[in-house]
Amino acid sequence: MTDQDAATTSPGVADGPVSDRRLVTTVAAWRTDSSLEPPSEPLDEATWGRVLSAVTTERLAGLLSWAVASGDWPATDDQAKQVFELHRSWMAAALLLERELLDVIGAFAAAGVQAQVLKGTALAHLDYPDPSMRCFGDVDLLVPGPQIETARDLLVAAGGHRAYREPRPGYDRRFTKGLAVTTPNGFEIDLHRTLSPGPFGLALDLASLEADPDHFTVGGRSFAALGRPQRFLHACFHSMLGSAEPRLVPLRDLVQTAPTTAVEVEAVRALTERSRANVVVARAVRAARSTLGWQPPLVLRAWTDAYTETARDHRWLAGYLGEQRAYATQALTAVEAVPGGIGDKAAYLRAILFPVDADGLAGRKARFQRGLHALRRLVPTRR
Amino acid sequence: VTDPDPPSADRDPAPDVGGPVTLPPAANGNGNGNGHSDSHSDSHRDGHRDGHRDADGDGDGSSPSTAIAPGPAALDPDVVWVQAADALWRELPDAVVVLSPAGDDRREPLAISGPGAELWHVLAEPLTAAGAADALASVYDVDAETILGDLESVLAALVDAGVIVAAP
């Protein structure tokens with residue numbers, strides 16, 4: 001099957017009359033090596049309204065705005081005005097978040113917390129042709145496990161609100177994927193210890209993840225971000241493990257960070273093999289091809305096409321994908337990936353099954369039943 | 001078993017879904033306590049009505065710059081102006097959005113377009129108001145004296161926003 005075939009037959013992209021979904025996907029694929037082409041004339045108002053709404057939901061206003069401005073995406077004057085205004089709104093939000101980032105990183109640095117900027121902010125400045133092409137709605141930071149409690153406490157001491165409490169002391173430092181704190185200004189700061197919940201997050205080689213950071217400048221200040229191979233891996237994680245079906249912005253992030261040379265592919269491969277995440281990368285690249293109609297660099301395609309999935313891959317993926325996506329399933333399959341010995345796995349299980357601050361006996365019972373349900377769903381995949 | 005503390009991307013079935021931050025009303029100069037808006041129409045509409053001042057300086061009547069009294073220093077012919085080193089900004093197809101991170105008053109983002117946006121770019125290098133007017137005159141093929149008169153309110157707005165400062 002060619003990539004052109006894949007683009008026209010992938011789920012959510014209908015054949016025949018151009019669907020809204022396909023139009024939005026075309027926005028996500030704009031100016032990539034993609035087979036998807038923008039419309040040849042301005043959309044009718046009804047279709048435009050639906051597409052603009054979806055573009056907002058999918059955080060693609062920056063790409064559509066520049067596509068319209070360049071003339072690649074035909075639009076009426078009113079349509080251009082609407083998307084430009086929408087773009088302004090997103091970028092105003094981005095600047096407010098970057099101001100928050102300056103405050104947070106300043107406080108962290110004063111306390112000796114070494115954070116790397118993840119996702120939207122870093123990708124906008126490091127990987128997109130112009131930072132205004134990448135919209136984002138929160139601040140994401142990777143904080144080393146031993147420092148995450150300090151980082152969390154700093155945000156809370158500054159008036160931040162954490163929605164969920166730590167299930168047991170030490171869980172944040174040892175096992176959590178991350179935690180979210182809402183600042184007094186209403187902005188969300190996500191502190192990540194690793195890149196996903198469940199087994200893939202726990203198996204990730206964190207030392208390699210934090211190695212060889214890149215830097216970018218915002219407001220005259222330099223920020224550390226993941227290195228490019230690590231950013232690509234994160235985009236793959238976000239695409240395949242962040243939602244039951246891959247979303248468009250992470251797929252576009254994947255394209256923007258994709259390795260293009262044999263040396264770059266080898267750097268990614270070394271990282272993913274240490275983290276037992278080859279299947280995540282292989283599937284994410286396939287998803288970007290089928291959804292965006294993207295033609296990956298040959299060296300990347302050769303590697304990901306050649307990868308043979310294992311029984312463990314299927315077992316670990318079970319909790320992330322499709323209708324079976326459930327945190328409970330991820331949590332149980334993660335036991336296998338908990339670093340350390342039997343004592344560490346026991347501590348992990350104790351934290352997720354018997355949190356000290358559960359909502360009384362009823363809460364514990366409900367928790368246990370959800371775990372049991374997840375275990376039953378996992379059994380067929382073990383056969 | 002439930003995720004004890006998932007970041008939003010894992011908590012929401014559509015993890016990254018959300019509209020832009022609804023910008024703070026001009027009156028309070030602080031966050032709105034909302035942070036995210038999931039409504040396209042609300043965030044879109046309110047973001048512009050309440051969040052932006054449009055200092056476009058293009059004379060189309062959309063600029064509220066007349067509401068901002070120019071500071072006396074803005075017209076001092078000897079003052080050299082330049083973009084603040086810590087200014088946050090984004091280039092858009094039809095505008096530049098700028099924000100100063102400095103100070104405790106939590107200023108709002110400012111959208112500037114047309115000649116106002118061009119002024120922002122010109123002031124990447126230190127210039128007096130007259131120097132900036134000369135630079136813009138060459139861009140727009142308009143008499144520098146005329147531009148200098150129109151420049152006053154836009155420059156004042158940018159200085160007021162903290163994104164243009166007197167060069168050291």
Side-chain angles (χ1 to χ4, degrees), chain A residues 53 56-57 59 65-66 68-69 84-99 102 130-132 135 137-138 162-167 171 176-180 182 184-188 190 192 197 218-220 242-243 247 249 327-328 331-332 352-353 355 367 370-371 374, chain B residues 1-24 30-41 43-48 51-52 54 84-95 97-102 106-111 113:
Chain A
S53 179
T56 304
T57 302
R59 300 186 174 185
S65 175
W66 282 109
V68 167
F84 291 163
E85 286 184 358
L86 180 64
H87 195 191
R88 285 190 191 189
S89 186
W90 272 105
M91 290 305 107
L95 296 190
L96 289 169
L97 286 161
E98 289 184 350
R99 182 169 68 187
L102 283 162
D130 188 282
S132 74
C135 301
D138 57 14
R162 180 178 179 176
Y164 297 86
R165 293 168 63 185
E166 187 177 29
Y171 182 87
T176 193
K177 182 258 187 177
L179 56 101
T182 305
N185 292 330
F187 299 109
E188 184 173 300
D190 287 348
H192 299 250
V218 166
S243 52
R247 301 191 62 237
V249 163
Y327 175 76
L332 287 173
I352 62 170
L353 291 173
R367 230 174 151 80
R370 284 196 295 274
Chain B
V1 181
T2 54
D3 189 347
D5 197 358
S8 59
D10 306 312
R11 202 161 53 233
D12 193 316
D16 278 342
V17 172
V21 175
T22 302
L23 298 177
N30 199 348
N32 56 14
N34 175 3
H36 297 271
S37 167
D38 290 332
S39 162
H40 162 217
S41 57
S43 58
H44 187 184
R45 186 176 58 245
D46 292 344
H48 290 283
H52 292 288
D54 186 2
D86 62 355
L88 306 172
W89 62 285
R90 286 288 196 283
E91 177 89 48
L92 277 63
D94 70 332
V97 181
V98 294
L99 176 67
S100 169
R106 303 278 91 178
R107 293 183 174 104
E108 306 159 23
L110 179 68
S113 56

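As a basis for the values below, the full set of heavy atoms in this structure was taken, side chains included, without hydrogen atoms, waters or symmetry mates.
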A:D130 to B:E91 - nearest heavy-atom pair and separation: OD1-O, 3.8 Å
B:D86: salt bridge (Lys or Arg N to Asp or Glu O under 4.0 Å) partners, not counting sequence neighbours: none
Under 4.5 Å from a heavy atom of chain B, the part of A:L95 involved: both
Shortest non-hydrogen separation from A:F84 to B:P93 and the atoms involved: CE2-CB, 3.8 Å
Value rounded to 0.5 Å, distance of CG in B:L92 from CE in A:M91: 6.5 Å
side-chain contact (heavy atoms from CB on, under 4.5 Å) involving A:P131 - partner list, sequence neighbours excluded: A:A124, A:H125, B:R90
Distance-minimising heavy-atom pair for A:A92 and B:V97: CA-CG1, 4.1 Å
Within-4.5 Å side-chain heavy-atom neighbours: A:R88 and B:D94: yes
Atom pair CD/CG of A:E98 and B:L88 - distance to nearest 0.5 Å: 6.0 Å
